[in-house]
Visitor: 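Sharing a structure with you now.
When reading the values below, keep in mind they use all heavy atoms of this one structure, side chains included, and skip hydrogens, waters and symmetry mates. Lettering of chains follows the sequences in order, A, B, ..., and the numbering in each one begins at 1.
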There are 2 protein chains.
Amino acid sequence: MRLATLRDGTADGRLVILSADGKSCRPGTAGTLQRALDTGDFSASGAEMPFDETACLSPLPRAYQFLDGSAYVNHVELVRKARGAVLPDSFWTDPLMYQGSSDSFLAPRDPIPGDPAWGIDMEAEVAVITGAVPQGASPARAAAAIRLVLLLNDISLRNLIPAELAKGFGFVHGKPPSALSPIAVTPDELPGWRDGKLHGALKVDLNGRPFGRADAGVDMTFDFPTLIAHAARTRPLAAGTIIGSGTVSNKEADGPGRPISDGGLGYSCIAELRMVETIQKGRPETPFMAPGDRVTIWMEDAGGRAIFGTIDQTVG
Amino acid sequence: MRLATLRDGTADGRLVILSADGKSCRPGTAGTLQRALDTGDFSASGAEMPFDETACLSPLPRAYQFLDGSAYVNHVELVRKARGAVLPDSFWTDPLMYQGSSDSFLAPRDPIPGDPAWGIDMEAEVAVITGAVPQGASPARAAAAIRLVLLLNDISLRNLIPAELAKGFGFVHGKPPSALSPIAVTPDELPGWRDGKLHGALKVDLNGRPFGRADAGVDMTFDFPTLIAHAARTRPLAAGTIIGSGTVSNKEADGPGRPISDGGLGYSCIAELRMVETIQKGRPETPFMAPGDRVTIWMEDAGGRAIFGTIDQTVG
């Protein structure tokens, strides 16, 4: 099943269930995705209408919880290496995770707000939306609670993050509202969903040029059931909790990946390219995003269709 | 106006508006507090009924955002001193704040779950619930968005916190769901509400004995408008955002406060007493909470009535 939420002037929007070909949709009986998750009623009722992904809000325009992991430890290792720090061994067994803004997700085509001096960057990620998860759930129990899979642009303000990291209390300023992909998909409808991961190339273009093609199923040290169980160790998770994978990142041999223009798989955020530049050339060369810069994020099925629709945002 | 949310089997409960004497209530027309905050409709309609605070959920049983400050820098300085660390000067001008679990607040009389080996502690705090706050709002604009004031028991798992602080990503394990006071009150009905702070003794009893009597209006370095503006620097805040003050803490002369049994104002969490013990005696003596330990948190008006009702929790 593929779902979306149409803009209707309310904070929660209007749930629709897509047809098999994705060209039309019908209203979800529950009214909103949160209510469908609360009640388990994902049925459709009412008249069929054309589906237009540009009319979509994020599937959950406001959610009660967003916990973002850093499952691609390769990415974290590069960050550390670029600033001359060693990655603690525990990072390979104990996931990094922060609680992010979830009360006002940007729509998939909303402009990215913010002061360019803050160092605006995208982070292309995979995310899941869960049903209720009891506190202390095992990874197997967590796996059974995964209701929907989607993509996420975890917008990051790079120049504000170091000071917040030093305080130890997580991100309030460095992680403003993110955007979700227009379409959320049940795992059973995703051929690339296996082993608790979404396999396939996560496509990221920056200003119309290929920037990232990393495979989301590769180099993911912690699968989603492990991330969810980590999140639920001391708290239950309410239905509608969003768990992010962290920036998708593939390494090459034992080194960092190359840009697409050099035959590599590229990157899912600008910071990673800047880290590679720092390691190789002594300093970063690629700037963060400036007004007018545009990022698109999507993933294709075997027929070339954007499974989750496209996140398409321009810095405002 | 004084509001509460009655348990009715749903995740959001049923909003009620209290009578002037607090002995009865009428249903809120909006149905839930979130909807009242979304629409601005705080009217009552329907039959009057007796009000029983033991039938209450937290006023917002699930909220889209909870950001907890550390406004009583005295408390933070003591934490640092107990572990031999110096407080950075910036802590007096730049608030510490983390995003906490908001999807499943405990009811005011729910047992406190958790493994005693995690080091279970209470933190008695003041909190406000906001209307919508635009990104970049000034403290004056933030002040105008404060809709309700209430109390909060920010349950903390002390033995899990040091490892999370070291990771820098904030608290996922160390801060499980908190409990809110049964009653939320509009600022205009609080004689102690001035200068963006709630003045008055925040009463904390542990196992029926006075443990804390600190004045919430004293030694609060950052007032609520400042905390809200800090939270909104790079993100808008949706209606229903909860902003916490951090553990209320008063200092005495230039040193830490004394226990109530020694003529002091006591503490709002066990950790602070343990820090004072560590500074004075070389090691902490008071244990964290064990099964059966009970904490009550309330604040009285001039007539001795519990303004916000009472948080009354026992470790389960």
Side-chain angles (χ1 to χ4, degrees), chain A residues 10-12 34-35 38 61-70 88 90-91 94-104 113-115 118 120 132 135-136 155 157 160-177 230-241, chain B residues 10-12 34-35 38 61-70 88 90-91 94-104 113-115 118 120 132 135-136 155 157 160-177 230-241:
Chain A
T10 69
D12 296 306
Q34 182 62 51
R35 206 165 305 131
D38 286 341
R62 53 178 181 175
Y64 293 104
Q65 186 161 242
F66 168 41
L67 293 164
D68 199 16
S70 290
S90 66
F91 279 35
D94 178 36
L96 272 182
M97 183 175 279
Y98 72 91
Q99 181 152 8
S101 165
S102 63
D103 65 325
S104 45
D115 183 339
W118 294 339
I120 299 169
Q135 184 253 310
I155 296 163
L157 303 174
L160 304 184
I161 285 179
E164 288 199 318
L165 275 179
K167 291 161 82 177
F169 271 42
F171 309 109
V172 176
H173 294 160
K175 297 282 189 175
H230 179 85
R233 182 178 170 210
T234 68
R235 63 175 73 179
L237 311 180
T241 292
Chain B
T10 70
D12 296 306
Q34 182 62 52
R35 206 165 306 131
D38 285 342
R62 52 179 181 176
Y64 293 104
Q65 187 162 241
F66 167 41
L67 293 164
D68 199 16
S70 290
S90 65
F91 279 36
D94 179 35
L96 272 183
M97 183 174 280
Y98 72 91
Q99 180 151 8
S101 165
S102 63
D103 65 324
S104 46
D115 183 339
W118 293 340
I120 299 170
Q135 186 253 309
I155 296 163
L157 303 175
L160 304 184
I161 286 179
E164 287 199 318
L165 275 178
K167 290 160 83 176
F169 270 41
F171 308 110
V172 176
H173 294 161
K175 297 282 190 175
H230 179 86
R233 183 178 170 210
T234 67
R235 63 174 74 178
L237 311 179
T241 292

Visitor: If I measure from the heavy atoms of chain A, does B:T241 come under 4.5 Å with its side chain, its backbone, both, or neither?
Guide: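 Only the side chain of B:T241 comes within 4.5 Å of chain A.
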Visitor: Scan residues 230-240 of chain B for pairs that pass side chain to side chain donor-acceptor pair (under 3.5 Å), counting only residues two or more places apart or in two chains.
Guide: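 For residues 230-240 of chain B: B:Q65-B:R235, B:Q99-B:R235.
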Visitor: Of the listed residues (B:A11, B:G174, B:G100), which shares the most heavy-atom pairs with chain A below a 4.5 Å separation?
Guide: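 Among the listed options, the one with the most contacts to chain A is B:G100.
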Visitor: Test of understanding: with salt bridge (charged side-chain N to carboxylate O under 4.0 Å, His left out), list the residues that count as partners of B:R62, not counting sequence neighbours.
Guide: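 Scan of B:R62 (salt bridge (charged side-chain N to carboxylate O under 4.0 Å, His left out), adjacent residues dropped) gives A:D38, B:D12.
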Visitor: Check each atom of A:L67 against the heavy atoms of chain B and say whether the ones under 4.5 Å are side chain, backbone, both or neither.
Guide: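 Interface part for A:L67: side chain.
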Visitor: If I measure from the heavy atoms of chain A, does B:P61 come under 4.5 Å with its side chain, its backbone, both, or neither?
Guide: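 Contact with chain A is absent: no heavy atom of B:P61 under 4.5 Å.
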Visitor: Please classify the contact of A:S101 with chain B as side chain, backbone, both or neither, using a heavy-atom distance under 4.5 Å.
Guide: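 Contact with chain B: backbone and side chain both.
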Visitor: Please give me the minimum heavy-atom distance between B:K167 and A:D94, naming the atom from each residue.
Guide: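 That would be NZ-OD2, 2.8 Å.
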Visitor: Measure distances from B:A63 to the heavy atoms of chain A and classify the residue's part below 4.5 Å as side chain, backbone, both or neither.
Guide: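 B:A63 touches chain A through backbone heavy atoms alone.
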Visitor: Below 4.5 Å, heavy-atom pairs only: which of B:G168, B:A232, B:S104 has the largest tally toward chain A?
Guide: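 Among the listed options, the one with the most contacts to chain A is B:G168.
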Visitor: Who among B:E164, B:H173, B:M97 has the most heavy-atom pairs with chain A under 4.5 Å?
Guide: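 Option with the top pair count is B:H173.
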Visitor: Between B:S70 and chain A, which part of the residue has a heavy atom less than 4.5 Å away: side chain, backbone, both or neither?
Guide: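 The side chain, not the backbone.
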Visitor: Chain A: which of B:L165, B:D115, B:T10 shares the most heavy-atom pairs with it under 4.5 Å?
Guide: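 Heavy-atom pair counts peak at B:L165.
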